[in-house]
Amino acid sequence: YGEMVSMDQLLQIREAQRAPQRAMLDKIRSGEIRAPNARLQYNLTGEIPKEWPLETPHTAAISPYAMLPEVDDIIRPIIHRFVENLKNKTTDMPFPEPFITNGYATYKEENRFQTEVDYIKSNYIWAGLSSDVLKANDFVRIEMSGKSILLTRDVDMKFHAFENVCRHRGMEVVQKENPRGNTQVHVCPYHSWAYGSDGDLLNVPFEQGFDNNTNVDLGNRNLIELPSAEIAGILFVVSHPKNGIDYELLKENIMNSDLIKELSTYQVDKNFVVVSQEMFIKANWKLPIDTFGEAYHFSSLHPGLSEQLVGNSVIFRWFDDKNGKAQHSCMTLGSQSLQLMADGHVPKERWLEPCGLSHCTQTFVIAPNTSMIVSTDGVRVTQAWPGKKVDECIVKVTMYNYKVPETDQDRVLLNNRFGQFMDVVCTEDFPILHQMQRSFAESKDAETIFGKHEPALIYRHKMFLTMLEGSGKAKL
């Protein structure tokens with residue numbers, strides 16, 4: 001939809017593109033036509049299906065990694081817990097009381113904003129999946145907190161992150177127009193200084209022009225390497241490391257062992273980026289991340305989504321860091337097929353057909369600014385980056401699929417899925433954020449209340465508060 005779209009532009013584009021689908025869904029709801037599959041017919045009309053499992057156009061596109069028995073072992077107790085909650089008309093409420101925070105202090109206060117920016121710059125942050133640099137000499141150019149960064153995998157298959165800056169005159173080595181590929185040698189387009197995939201300086205034209213000055217040591221002019229880590233198929237990078245911080249020690253606290261084991265089981269690194277979109281939002285960076293925190297708003301804000309997913313009921317799990325502080329979390333959203341199970345229409349021994357993930361979606365928040373949704377066909381990542389001002393942010397949505405599209409039909413299917421995701425998140429959730437931001441800016445007494453039935457938000461805002469502890473120190 002363009003390099004950096006505004007919310008107004010995106011709404012205009014998507015309104016036109018989704019009009020035909022909306023018309024078709026209205027006809028199904030009214031009984032004028034039948035849905036093309038049993039799942040959609042049940043979701044829209046409540047008609048109890050005669051077949052199980054419920055077939056959909058996406059069934060054939062289920063990732064083989066979603067079908068693994070080890071994945072079902074993770075999902076099985078979650079589904080059983082979800083079904084019990086639905087039977088009892090309740091949801092996970094692991095915290096004993098609601099959580100109240102001052103809206104102005106949380107989303108508008110300038111000093112807090114600067115502390116959060118400093119934290120994001122100086123800590124390990126989600127930078128991609130291992131598949132972004134899958135093979136030896138693969139590379140990709142990314143941006144983190146305004147800095148151009150080059151991710152590579154060298155000939156020995158080691159992952160690196162470098163400042164994408166030539167050590168001669170500051171030119172970007174890999175250009176934005178050609179951000180990814182495979183090469184053993186990166187040549188700066190300005191004066192042709194050449195670097196290996198391991199960052200080593202390989203060649204300097206007219207090298208004798210740089211002698212007779214002890215401050216110009218070409219043997220020490222490799223690309224500047226940034227602290228990085230590769231854990232459970234996820235790439236982490238520190239974009240603006242601080243002096244005096246032991247980033248090797250900090251690396252040990254990026255993710256606890258339980259989460260490493262679970263994400264390794266999903267094999268998220270077996271998915272490949274197929275499409276991404278950046279957008280500019282007039283709201284504090286935490287507000288977009290908040291939208292991935294509860295199902296309480298589905299019936300009000302997402303009438304279409306509430307026909308697919310169970311509203312106001314989630315399963316919530318969290319993964320504290322090694323010091324017992326709030327860090328990463330996972331909120332499970334349930335498909336309406338779980339209601340069929342709760343109502344007794346499906347024998348318990350068949351609940352996981354065709355696979356557990358076909359009945360739920362795992363919404364991870366990788367602290368502090370990344371939502372990573374794991375589903376049957378791949379991974380969807382939404383990252384929110386603080387803007388230049390406290391009430392601005394850049395959001396990037398990236399869709400990873402278990403296979404790269406090979407046919408026109410594959411591309412159409414992926415385009416439709418991405419459009420549907422953008423409709424829910426970016427044309428229904430995100431446009432209201434500016435109104436909330438304005439409210440907090442105009443009233444220093446405005447509060448935000450997270451109910452007990454919104455545990456992901458309670459936990460997440462406790463995580464946000466850990467960013468403020470010991471201001472100025474990296475502390476994952």
* **Criterion ring pair (Phe, Tyr, Trp, His ring centres under 6.0 Å) on Tyr107 and Phe440, from CA distance to verdict** => CA-CA 7 Å; Tyr107 302 107; Phe440 297 134; 5.0 Å; yes
* **Side chain to side chain, Pro241 and Ile245, heavy atoms closer than 4.5 Å** => no
* Could you tell me whether the side chains of Tyr266 and Asn271 share a donor-acceptor contact shorter than 3.5 Å? => no
* If you count the non-hydrogen atoms of other residues, nucleotides and ligands that lie under 6.0 Å from NZ in Lys87, is the total more than 12? -> yes
* Minimum heavy-atom distance between Thr376 and Cys355, given as atom pair plus value -> CG2-SG, 4.2 Å
* Asked: With a 4.5 Å limit on heavy-atom distance, are the side chains of Asp290 and Leu287 in contact?
  -> yes
* Is a donor on one side and an acceptor on the other found under 3.5 Å between the side chain of Glu109 and the backbone of Arg112? -> yes
* Between Lys325 and Asn323, a side-chain donor and acceptor under 3.5 Å -> no
* Hey, could you give me the NZ/CZ distance between Lys27 and Arg22, rounded to the nearest 0.5 Å? => 16.0 Å
* Residue pair Cys360 / Thr332: nearest heavy atoms and the distance that separates them -> CB-CG2, 3.6 Å
* Can you name the nearest heavy-atom pair linking Val310 to Phe298, along with the distance? -> O-CD2, 3.9 Å
* So, Gln336 side chain and Gly46 main chain: donor-acceptor pair closer than 3.5 Å or not? -> no
* Applying the side-chain contact (heavy atoms from CB on, under 4.5 Å) test to Tyr42, which of Gln339, Glu307, Glu47 qualifies? -> Gln339
* **Intermediate values then yes/no, side-chain contact (heavy atoms from CB on, under 4.5 Å), Lys396 and Val381** => CA-CA 8 Å; Lys396 183 175 182 180; Val381 176; over 6 Å; no
* Asked: Any chance the side chains of Asp391 and His434 put a donor and an acceptor closer than 3.5 Å?
  -> no
* To do: Return the minimal non-hydrogen interatomic distance between Ser122 and Tyr247, and the atom names on each side.
  => O-OH, 2.9 Å
* Structure fact -> In this structure, NE2 of His80 is separated from CD1 of Ile75 (nearest 0.5 Å) by 11.5 Å
* Contact summary for Ala136 and Asn182, nearest pair of heavy atoms -> O-ND2, 2.8 Å
* To do: Please check if atom NZ in Lys147 has more than 12 non-hydrogen atoms from other residues, nucleotides or ligands closer than 6.0 Å.
  => yes
* To do: Report yes if some heavy atom in the side chain of Phe99 is under 4.5 Å from a heavy atom in the side chain of Lys462; otherwise report no.
  => yes
* Asked: Measuring from Asn284:CG to Thr106:OG1, what's the distance to the nearest 0.5 Å?
  -> 8.5 Å
* Asked: After noting the C-alpha distance and the side-chain angles of Glu454 and Ile458, does the key distance pass the side-chain contact (heavy atoms from CB on, under 4.5 Å) rule?
  -> CA-CA 7 Å; Glu454 302 171 292; Ile458 294 177; 5.5 Å; no
* Is the shortest distance from a Lys or Arg side-chain nitrogen in Asp408 or Arg411 to a carboxylate oxygen in the other one below 4.0 Å? -> yes
* Indicate whether the side chain of Thr45 and that of Arg34 have a donor and an acceptor atom separated by less than 3.5 Å. => no
* With the threshold set at 4.0 Å, does a side-chain nitrogen-carboxylate oxygen contact exist between Asp258 and Lys261? -> no
* Step by step, would you call Glu70 with Thr265 a side-chain hydrogen bond (donor to acceptor under 3.5 Å, both in side chains)? -> CA-CA 7 Å; Glu70 298 90 340; Thr265 302; over 6 Å; no
* Only one of Asp132, Leu129, Val404, Asn401 clears side-chain contact (heavy atoms from CB on, under 4.5 Å) with Phe272; which? -> Val404
* Going by atom types only, do His359 and Ser337 share a side-chain donor-acceptor pair under 3.5 Å? -> yes
* Give a yes or no on this: more than 12 heavy atoms of other residues, nucleotides or ligands lie within 6.0 Å of atom CD of Glu406. => no
* Asked: Would Leu40 and Leu25 satisfy side-chain contact (heavy atoms from CB on, under 4.5 Å), going step by step from the backbone distance to the final call?
  -> CA-CA 9 Å; Leu40 187 59; Leu25 295 178; 4.2 Å; yes
* Asked: Just by distance, with hydrogens left out, do Glu230 and Ser130 show a side-chain donor and acceptor under 3.5 Å apart?
  -> yes
* Ser276 versus Val397: any side-chain heavy-atom pair under 4.5 Å? -> no
* Atom pair OG (Ser313) and CG (Leu86), whose distance is rounded to the nearest 0.5 Å -> 5.0 Å
* To do: Taking all non-hydrogen atoms of both residues into account, name the closest pair between Ala35 and Ile28 and its distance.
  => CA-CD1, 3.7 Å
* Out of curiosity, Asp423 CG to Asn416 CG, how far, rounded to the nearest 0.5 Å? -> 10.5 Å
* To do: Identify whether the distance between the nearest side-chain nitrogen and carboxylate oxygen of Glu84 and Arg81 falls below 4.0 Å.
  => no
* Pair Arg460-Glu294, salt bridge (charged side-chain N to carboxylate O under 4.0 Å, His left out): steps then yes or no -> CA-CA 11 Å; Arg460 189 169 309 158; Glu294 38 88 5; over 6 Å; no
* Heavy atoms, side chains only, cut-off 4.5 Å: are Tyr459 and Phe316 in contact? -> yes
* Asked: Does the side chain of Met331 reach to within under 4.5 Å of the side chain of Trp318, using non-hydrogen atoms?
  -> no
* Say whether, by atom type as modelled, one donor and one acceptor occur between the side chain of Gln114 and the main chain of Val390 under 3.5 angstrom. => no
* **Asp269 backbone acceptor or donor facing Gln267 side chain under 3.5 Å** => no
* Do Asp429 and His302 have side-chain N/O donor and acceptor atoms under 3.5 Å apart? -> yes
Identify every side-chain donor-acceptor pair in residues 364-375 under 3.5 Å, counting partners at least two apart or on other chains, and give the distances.
{"unit_1": "Asn369", "atom_1": "ND2", "unit_2": "Ala384", "atom_2": "O", "d": "3.2"}
{"unit_1": "Thr370", "atom_1": "OG1", "unit_2": "Gln383", "atom_2": "NE2", "d": "3.0"}
{"unit_1": "Ser375", "atom_1": "OG", "unit_2": "Asp377", "atom_2": "OD1", "d": "2.9"}
{"unit_1": "Ser375", "atom_1": "OG", "unit_2": "Arg380", "atom_2": "NH1", "d": "3.1"}

* CD/Glu349: more than 12 non-hydrogen atoms of other groups inside 6.0 Å -> yes
* To do: Look only at the side chain of Asp138 and the backbone of Leu134, and say whether a donor-acceptor pair between them is shorter than 3.5 Å.
  => yes
* **Asp154 side chain near His160 side chain, heavy-atom distance below 4.5 Å** => yes
* To do: Any chance you could lay out the side-chain contact (heavy atoms from CB on, under 4.5 Å) test for Trp285 and Ile394, step after step, and finish with the verdict?
  => CA-CA 8 Å; Trp285 69 274; Ile394 303 297; over 6 Å; no
* **Asp92 and Asn85 side chains, donor-acceptor separation under 3.5 Å** => yes
* Are Glu143 and Trp385 close enough that a side-chain donor and a side-chain acceptor fall under 3.5 Å? -> no
* Asked: If you round to the nearest 0.5 Å, how far is CD of Glu262 from CG of Asn256?
  -> 10.5 Å
* To do: Could you tell me whether the side chain of Met422 reaches within less than 4.5 Å of the side chain of Glu428, counting heavy atoms only?
  => no
* To do: Kindly say whether the aromatic ring centers of His345 and Trp52 come within a distance under 6.0 Å.
  => no
* To do: Please answer whether the main-chain N or O of His297 pairs with a side-chain N or O of Ser300 as donor and acceptor at a distance below 3.5 Å.
  => no
